[in-house]
Chemist: 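One structure coming up, written as structure tokens, with questions to follow.
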Amino acid sequence: MDINGIREQFPILQRKVKGKDLIYLDNTATSQTPMRVVDAITRMYTTTKANVHRGVSSISQEATDLQETTRRRMARWLNAASEEEIIFTRGTTESINLVASSFGSMLEDGDEIILTVMEHHANIVPWQLLRSRRNITLRVVPINEAGELDLDVYRSLFNERTRLVSVCHVSNVLGTVNPVKDMIATAHAAGVPVLIDGAQAVPHLKVDVTDLDADFYAFSSHKMYGPTGIGVLYGKKKWLEKMPPYQGGGEMIANVTFEHTTFAELPFKFEAGTPDFVGIAALDKALDFIDEIGYDNIEAHEHHLLTYTTERLMRIPGMRIFGTAPGKSAVISFLIGHEHHYDIGMLLDTQGIEVRTGHHCAQPLMRALGVEGTVRASFAVYNTIEEADKFIAAVQRVAAMLE
């Protein structure tokens, strides 16, 4: 890959922080955005800003075409059976909340949902909110020391009251790539549908929802080089047709009277109100960026960064890395001895290195790991070995300062 050519597409990578060249290693939280995406947003606001699906004017039809072109492309990109199975949301969090609200409304007292200890809060709290409305039970799959799910426990949790499995494809803390295809097959053998939180998977590896046989798959644009405020929920048509609408308002209706409302066909049944059609159109350009590089190249480059950096970090006295599963994603969560993660992060920031510190919206996992929080460095395709070297040297300096 032409890494320099890739980096030139991201102006932010040329800036400085605290007088140092920016080294951005917080890609798990959000990726940076190439200029083609920014340009697409500018074009929409300056030439094609008119509400979609609601006008006969030329500009409205152009905006509608751009949005629906992205939907059709996303269906092909995920290998979905139909564009009707692609719902645009505000992000992974809203996608999961949609399923928790709509699918969850069909559950009964005593039903059970299987989660895992490594879930992001966005895949825990919506189910707890559902539990406050329905007397359901949440079952939790633990992990081993490497940060892998205990699949024996997972299989043992199924019973006649199990109604859904909701699991992350890739852990945002550990980098563990869960065997979701096998987990889905296990669930389906018990007649149970599965929701996959793919927020940390889609930026790094090719996802085929048909091959996985996922019932629902959720992810966010802003983690895959696209605009903020846009998400995608893939759902099998058989489930989406059964589920009631998530929100009410414009676009999701067919006919309204004060006595009765009939709802629009899929996918619009779940897209109430004016969508972020500007962001949706720009997301198409993020897909261009990923497709031009290719997932094979992205995975190989990020894996090289991960193995190179991990090996050298482990030479630092007191280094503790959380998550050592084979084939993990390019995420390194670590602590130096028992030093506080905030202290480490702030000292790295003085050297121009942007990492994430804290519990990473995964407090149950932190408790399982026996820590309050970690420092997390995460790579994207535009990061370089030179940046990895600077990061490693910076961590070494921090370790020496905190001795």
Side-chain angles (χ1 to χ4, degrees), residues 6 9-12 30-80 82-95 98 198-199 202-203 206-207 209 217-235 240 246-247 249-252 264-295 298 380-382:
I6 291 172
Q9 300 179 55
F10 296 82
I12 194 172
T30 192
S31 63
Q32 296 303 324
T33 310
M35 275 306 300
R36 71 181 73 191
V37 174
V38 178
D39 290 341
I41 294 171
T42 300
R43 282 195 302 274
M44 286 292 291
Y45 275 117
T46 55
T47 69
T48 323
K49 189 184 180 189
N51 216 328
V52 294
H53 291 292
R54 299 181 188 183
V56 297
S57 68
S58 296
I59 294 178
S60 176
Q61 292 182 22
E62 288 173 13
T64 300
D65 287 344
L66 288 168
Q67 172 177 293
E68 295 310 312
T69 294
T70 302
R71 192 191 309 273
R72 289 190 293 272
R73 182 176 185 182
M74 185 60 71
R76 296 192 302 271
W77 208 67
L78 294 172
N79 195 26
S82 166
E83 64 195 73
E84 295 176 337
E85 298 180 321
I86 304 298
I87 299 166
F88 290 120
T89 66
R90 291 180 298 158
T92 308
T93 298
E94 186 178 41
S95 295
L98 188 161
V202 171
K206 181 64 177 173
V207 171
V209 294
Y217 199 98
F219 57 97
S220 298
S221 162
H222 73 97
K223 297 180 188 293
M224 52 183 292
Y225 311 105
T228 59
I230 296 295
V232 173
L233 174 65
Y234 158 80
L240 296 179
Y246 173 51
Q247 296 175 323
E251 194 60 35
M252 51 76 67
E265 297 297 318
L266 294 174
F268 307 110
K269 168 183 168 183
F270 292 103
E271 293 182 355
T274 299
D276 185 356
F277 56 87
V278 173
I280 293 169
L283 173 58
D284 184 66
K285 302 306 177 185
L287 300 185
D288 282 345
F289 173 78
I290 293 172
D291 285 347
E292 284 180 11
I293 298 171
Y295 272 115
I298 291 172
V381 70
Y382 42 64

Chemist: Does any N or O in the side chain of K285 come within less than 3.5 Å of the main-chain N or O of I41, such that one atom is a donor and the other an acceptor?
Modeler: no
Chemist: Check A272 against G249 and note the closest heavy-atom contact, atom names and distance.
Modeler: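 Shortest heavy-atom contact: CB-N, 4.2 Å.
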Chemist: Would you call P275 and V52 a side-chain contact if the rule is heavy atoms closer than 4.5 Å?
Modeler: yes
Chemist: Work out which heavy atom in T48 is nearest to a heavy atom in F277; give both atom names and the distance.
Modeler: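 Shortest heavy-atom separation between T48 and F277 comes out as O-CE1, 4.3 Å.
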Chemist: Given the rule in the side-chain contact (heavy atoms from CB on, under 4.5 Å) test, do F289 and V381 qualify, once you have shown the distances and angles that lead to the verdict?
Modeler: CA-CA 11 Å; F289 173 78; V381 70; 4.0 Å; yes
Chemist: Using 0.5 Å steps for rounding, measure from the CD1 atom of I6 to the CD1 atom of I298.
Modeler: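 If we round to the nearest 0.5 Å, I6:CD1 and I298:CD1 are 8.0 Å apart.
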Chemist: Taking atom CD1 of I86 and atom CD of E83, what is their separation to the nearest 0.5 Å?
Modeler: 9.0 Å
Chemist: How long is the span from the NZ atom in K49 to the OG1 atom in T47, to the nearest 0.5 Å?
Modeler: 12.0 Å
Chemist: Examine distances only and state if a side-chain atom of S221 and a backbone atom of P227 form a donor-acceptor pair shorter than 3.5 Å.
Modeler: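 Yes, S221 side chain to P227 backbone: donor-acceptor pair under 3.5 Å.
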Chemist: Under a 4.0 Å threshold between the charged nitrogen and the carboxylate oxygen, would D288 count as salt-bridged to R36?
Modeler: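 No, R36 and D288 are not salt-bridged.
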Chemist: I need the minimum non-hydrogen distance between Y225 and V37, along with the two atoms involved.
Modeler: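 Looking at all heavy atoms of both residues, the shortest contact is O-CG2, 3.6 Å.
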Chemist: Is there a donor-acceptor pair under 3.5 Å between the side chain of T228 and the backbone N or O of H222?
Modeler: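 No; judged by distance alone, with no hydrogens or angles, the pair does not exist.
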Chemist: Given the rule in the side-chain contact (heavy atoms from CB on, under 4.5 Å) test, do L287 and M224 qualify, once you have shown the distances and angles that lead to the verdict?
Modeler: CA-CA 8 Å; L287 300 185; M224 52 183 292; 3.5 Å; yes
Chemist: Is there a donor-acceptor contact under 3.5 Å from the side chain of S60 to the main chain of N51?
Modeler: yes
Chemist: Quick one: does any side-chain atom of Y295 pair with a main-chain N or O of V202 as donor and acceptor, under 3.5 Å?
Modeler: yes
Chemist: Any heavy-atom pair between the side chains of I280 and R71 that's under 4.5 Å?
Modeler: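 No, their side chains stay 4.5 Å or more apart.
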Chemist: Are E85 and L266 packed together at the side-chain level, in the sense that at least one heavy-atom pair is separated by less than 4.5 angstrom?
Modeler: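 E85 does not reach L266 side chain to side chain.
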Chemist: Return the NE2 to OG1 distance between H53 and T274, rounded to the nearest 0.5 Å.
Modeler: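 Between H53 NE2 and T274 OG1, I get 11.0 Å after rounding to 0.5 Å.
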Chemist: Quick one: CG on L233 to OH on Y246, what's the gap to the nearest 0.5 Å?
Modeler: 11.0 Å
Chemist: State, to 0.1 Å, how close A218 and S95 come at their nearest heavy-atom pair, and which atoms those are.
Modeler: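 Closest heavy-atom pair between A218 and S95: CB-CB, 3.6 Å.
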Chemist: Donor-acceptor pair, S220 side chain versus T92 backbone, under 3.5 Å?
Modeler: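 Between the backbone of T92 and the side chain of S220 there is a qualifying donor-acceptor contact (under 3.5 Å).
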Chemist: What distance separates D291 CG from W77 CH2, expressed to the nearest 0.5 Å?
Modeler: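 With rounding to 0.5 Å, CG (D291) is 6.5 Å from CH2 (W77).
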Chemist: Strictly by modelled atom types, are T70 and R73 linked by a side-chain donor-acceptor pair under 3.5 Å?
Modeler: no
Chemist: Check whether any side-chain heavy atom of T64 sits under 4.5 Å from a side-chain heavy atom of Q67, and report yes or no.
Modeler: no
Chemist: Within the side chain of Y382, is there an N or O that forms a donor-acceptor pair under 3.5 Å with the backbone of Q32?
Modeler: yes
